[in-house]
Trainee: 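Quick one: structure below, then a few questions.
A note on names: the letters A, B, ... follow the listed sequences, proteins ahead of strands, and every chain is numbered from 1.
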Amino acid sequence: GAGVSQSPSNKVTEKGKDVELRCDPISGHTALYWYRQSLGQGLEFLIYFQGNSAPDKSGLPSDRFSAERTGGSVSTLTIQRTQQEDSAVYLCASSPRTSGRRFGTDTQYFGPGTRLTVL
Amino acid sequence: AQTVTQSQPEMSVQEAETVTLSCTYDTSESDYYLFWYKQPPSRQMILVIRQEAYKQQNATENRFSVNFQKAAKSFSLKISDSQLGDAAMYFCAYRTLYSGGGADGLTFGKGTHLIIQP
């Protein structure tokens with residue numbers, strides 16, 4: 001089956017504009033993760049969705065960042081009033097993790113990312 | 001909070017030779033998972049190998065193997081018979097066993113850029 005897909009592949013925007021980044025996880029995967037990859041900070045975990053549970057937003061860098069996941073599948077990461085420091089590659093990953101406190105050995109499968117450039 | 005350190009920003013190896021990438025981590029937990037991911041220029045992160053901390057045996061996947069030293073908190077990746085297709089960024093990553101409190105995501109090192117010379 002298809003892997004994790006993300007759109008757009010590249011996004012150039014002006015400072016102060018809002019952007020939406022989309023992630024389509026692998027069909028049947030209940031867990032979905034967003035990460036940010038930047039030159040200065042490396043790879044950072046942003047947010048995690050598990051099924052229909054409330055997301056773990058503890059990694060979001062500011063209140064300008066938000067994410068939602070509709071119907072337990074597609075997810076959208078929204079950045080409001082973009083700043084130049086938001087320029088980065090935004091990676092999405094999904095895993096087949098079932099509910100429960102212990103992770104088990106589920107693997108995260110990554111998409112190709114969206115490269116965001118804020119001018 | 002856990003931290004992962006990769007002290008080699010770049011490594012170079014001749015094709016068909018063996019190379020070892022270093023990774024150390026810091027944690028107060030006794031049980032966790034460790035991973036090596038590969039990121040080629042296409043940007044897509046690909047899992048190379050995974051180690052469960054409670055297993056003493058080092059994980060192996062074909063030409064890839066790890067040297068897991070739990071007491072030293074070290075998790076190095078050995079690539080044997082290096083191939084041109086192995087050229088990529090390699091990231092070491094840590095994950096706790098339990099969910100919640102920001103622990104759900106992977107904690108990554110800064111990465112090592114591996115160059116394969118023909």
Trainee: Which heavy atom of B:F91 sits nearest a heavy atom of A:Q37, and at what distance?
Mentor: CZ-NE2, 3.4 Å
Trainee: Which value, rounded to the nearest 0.5 Å, describes the distance between A:T107 atom OG1 and B:Y33 atom OH?
Mentor: 10.0 Å
Trainee: So for A:S9, is it side chain, backbone, both, or neither that comes closer than 4.5 Å to the heavy atoms of chain B?
Mentor: both
Trainee: Could you measure the distance from the OH atom of A:Y109 to the CG atom of B:L47? Nearest 0.5 Å is fine.
Mentor: 7.5 Å
Trainee: Decide yes or no for A:L91 and B:Q39: does some side-chain heavy atom of the first lie under 4.5 Å from some side-chain heavy atom of the second?
Mentor: yes
Trainee: Could you see if B:V4 belongs to whatever hydrophobic cluster contains A:Y33? Use Ile, Leu, Val, Met, Phe, Trp, Tyr and a side-chain cutoff under 4.5 Å.
Mentor: no
Trainee: What pair of heavy atoms forms the shortest contact from A:Y35 to B:L106, and how long is it?
Mentor: OH-N, 2.9 Å
Trainee: Under 4.5 Å between side-chain heavy atoms, hopping through other hydrophobics if needed: is there a path connecting B:W36 to B:F68?
Mentor: yes
Trainee: Could you tell me whether A:K11 atom NZ has more than 12 heavy atoms of other residues or ligands within 6.0 Å of it?
Mentor: no
Trainee: Side chain from CB out, backbone as N, CA, C, O: work out which of these in A:E44 comes under 4.5 Å of a heavy atom of chain B, or both, or neither.
Mentor: neither
Trainee: Would one find more than 12 heavy atoms of other residues, nucleotides or ligands at under 6.0 Å from atom CD of B:Q57?
Mentor: no
Trainee: Does B:F35 belong to the same Ile/Leu/Val/Met/Phe/Trp/Tyr cluster as B:M45, with side-chain heavy atoms less than 4.5 Å apart forming each link?
Mentor: yes
Trainee: Between B:M89 and B:I49, is there shared hydrophobic-cluster membership here, with clusters defined by ILVMFWY side-chain heavy atoms closer than 4.5 Å?
Mentor: no
